[in-house]
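Keep in mind that this is a model prediction, so the values were computed, not measured. Both counts, for ligands and for their atoms, begin at 1 and track the order of listing.
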Amino acid sequence: MKQIQVELGERSYPVIIGTECLAQALDSLLPKQAKRAAIVTQPNIGITPATSIEQETFHIGDGENAKTLKTIEDLCSEWAQWGLTRTDVVIAIGGGLVTDVAGFASAVYHRGVKVIHAPTTLLGMVDAAIGGKTAVNLEEGKNLVGSFWQPAGVICDVSSLSSLPEREWRCGYGEVAKYHFLGAKDLHKLSLTEQIMGCIQLKAEIVREDERETGRRAILNYGHTLAHALEMEKDFSLAHGEAVAIGIRYAAEIARILGRIDQERVEEHEEILAHYGLSFTLPSSFDWDRIVSFFQRDKKALEGISFVLDGPNGVEVVKIENQEILKEAMEALK
Ligand code: GLY
């Protein structure tokens with residue numbers, strides 16, 4: 001087993017990476033005072049490790065429709081009926097949806113109960129489960145209600161990826177591709193475990209520097225502004241990582257139009273995305289005004305529209321003064 005520490009003072013925690021390591025790693029991470037473990041997962045995940053304390057499994061639904069305040073309310077009610085106390089522990093086993101929902105419910109239940117994340121998807125391991133962001137969606141947009149709630153630990157059991165559907169791999173690689181442009185560089189030449197560790201290492205460093213996203217952490221949203229808008233369009237049926245891949249290519253186009261990067265760097269974006277089997281073509285029809293309204297509601301949009309863009313100083317948040325550029329870049333990707 002390998003370990004990467006997310007250094008956050010008293011909220012520091014380990015991310016354990018290994019194979020067939022879930023049960024062993026869980027026991028090492030259980031809080032000493034915990035008498036009960038509420039395992040939050042989905043019926044199709046099929047992983048229920050036996051812990052050394054009393055445990056009960058709580059299922060949540062599949063898909064973005066389950067990522068709602070109603071799910072949080074239901075989960076908290078079920079925990080209360082079972083008798084989960086604030087010194088007990090929640091264990092989230094599943095993809096980003098499960099860790100986001102279980103993380104947020106843990107943050108608000110009894111004003112905060114410890115949570116351990118055991119991501120079972122590549123996307124969860126390299127991004128969603130690390131860094132303490134938890135949230136659910138509103139009709140008005142993705143992840144609009146949530147909190148920062150750092151886990152007590154994260155366990156990335158790489159063997160849980162063995163039955164990952166192809167589409168889920170692409171989703172994870174959308175995020176892995178993102179890290180390439182954030183400075184992790186040639187991850188595509190490494191083994192899967194090394195790729196996962198490379199992403200976690202970089203994310204841990206960014207989160208340590210800016211836990212609450214007052215600055216640098218926003219770069220982790222590279223490709224996400226358009227991605228979140230595309231994901232809200234149910235007709236497109238795009239999964240997160242697929243939408244991120246399109247969003248990354250779109251961000252490269254905006255950066256090129258603004259003169260921040262050259263055509264060669266745009267081609268590097270296309271090569272990396274293609275290497276991971278990711279498509280970056282926009283859906284053929286979309287409502288531009290709707291997409292822009294999503295851009296305006298984006299969490300980075302404190303004033304006007306902002307995008308995370310590549311450039312001479314690396315990837316950074318850039319305020320977009322001229323919205324015509326956004327439309328021009330969109331046309332280039334059609
Ligand atoms: N997924 C972006 C972040 O954790 O900041």
Side-chain angles (χ1 to χ4, degrees), residues 4-8 11-13 15 64 67 92 94-104 106-107 115 117 119 121-137 141-151 153-154 156 168 171-184 187 195-232 238-248 251 297-302 306-310 314-317:
I4 294 169
Q5 189 75 0
V6 182
E7 295 287 356
L8 290 168
R11 290 181 307 290
S12 297
Y13 56 93
V15 181
E64 288 292 309
K67 206 175 162 182
L97 190 148
V98 174
T99 54
D100 269 15
V101 165
F104 184 41
S106 303
V115 62
H117 292 317
T121 61
L122 180 59
L123 190 147
M125 291 182 189
V126 299
D127 194 49
I130 319 281
K133 272 192 184 176
T134 73
V136 293
N137 303 336
K142 267 184 67 87
N143 297 336
L144 290 189
V145 183
S147 70
F148 287 97
W149 189 244
Q150 297 296 344
V154 180
C156 299
E168 282 292 340
C171 278
Y173 279 125
E175 296 288 347
V176 176
K178 172 187 87 177
Y179 286 103
H180 176 98
F181 300 103
L182 302 190
L187 292 172
Q195 284 174 344
I196 292 170
M197 291 187 61
C199 295
I200 295 171
Q201 194 79 57
L202 181 53
K203 180 150 187 182
E205 184 204 308
I206 293 170
V207 170
R208 177 174 54 83
E209 196 183 305
D210 179 23
E211 182 185 5
R212 295 271 168 151
E213 198 172 308
T214 53
R216 188 176 173 215
R217 184 167 178 167
I219 67 172
L220 288 166
N221 293 315
Y222 191 45
H224 284 57
T225 309
L226 176 62
H228 285 161
L230 294 176
E231 281 177 87
M232 289 307 288
L238 284 168
H240 181 65
E242 294 170 332
V244 167
I246 301 171
I248 288 174
R297 271 184 236 138
D298 184 80
K299 291 187 290 310
K300 293 182 298 310
L302 299 178
S306 295
F307 264 80
V308 181
L309 297 178
D310 198 5
V315 171
E316 58 194 348
V317 178

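- L187 is not listed as a side-chain neighbour of H180, based on a closest heavy-atom distance of 4.5 Å or more.
- Considering backbone and side-chain atoms alike, K133 places an N or O below 3.5 Å from some N or O of ligand 1.
- When K203, H224, R217 are checked for heavy-atom proximity to atom 5 (O) of ligand 1, R217 turns out nearest.
- Salt-bridge formation is detected for the pair K178/E175: a Lys NZ or Arg NE/NH1/NH2 atom is positioned less than 4.0 Å from an Asp or Glu carboxylate oxygen.
- Here the protein heavy atom with the shortest distance to atom 1 (N) of ligand 1 is D127 OD2, 2.9 Å.
- Shown are E316, E209, E211; of these, the salt bridge (charged side-chain N to carboxylate O under 4.0 Å, His left out) with R216 is made only by E209.
- Nearest heavy-atom pair, Y222 versus V315, reported as atom, atom and distance to 0.1 Å: CD1-CG1, 4.0 Å.
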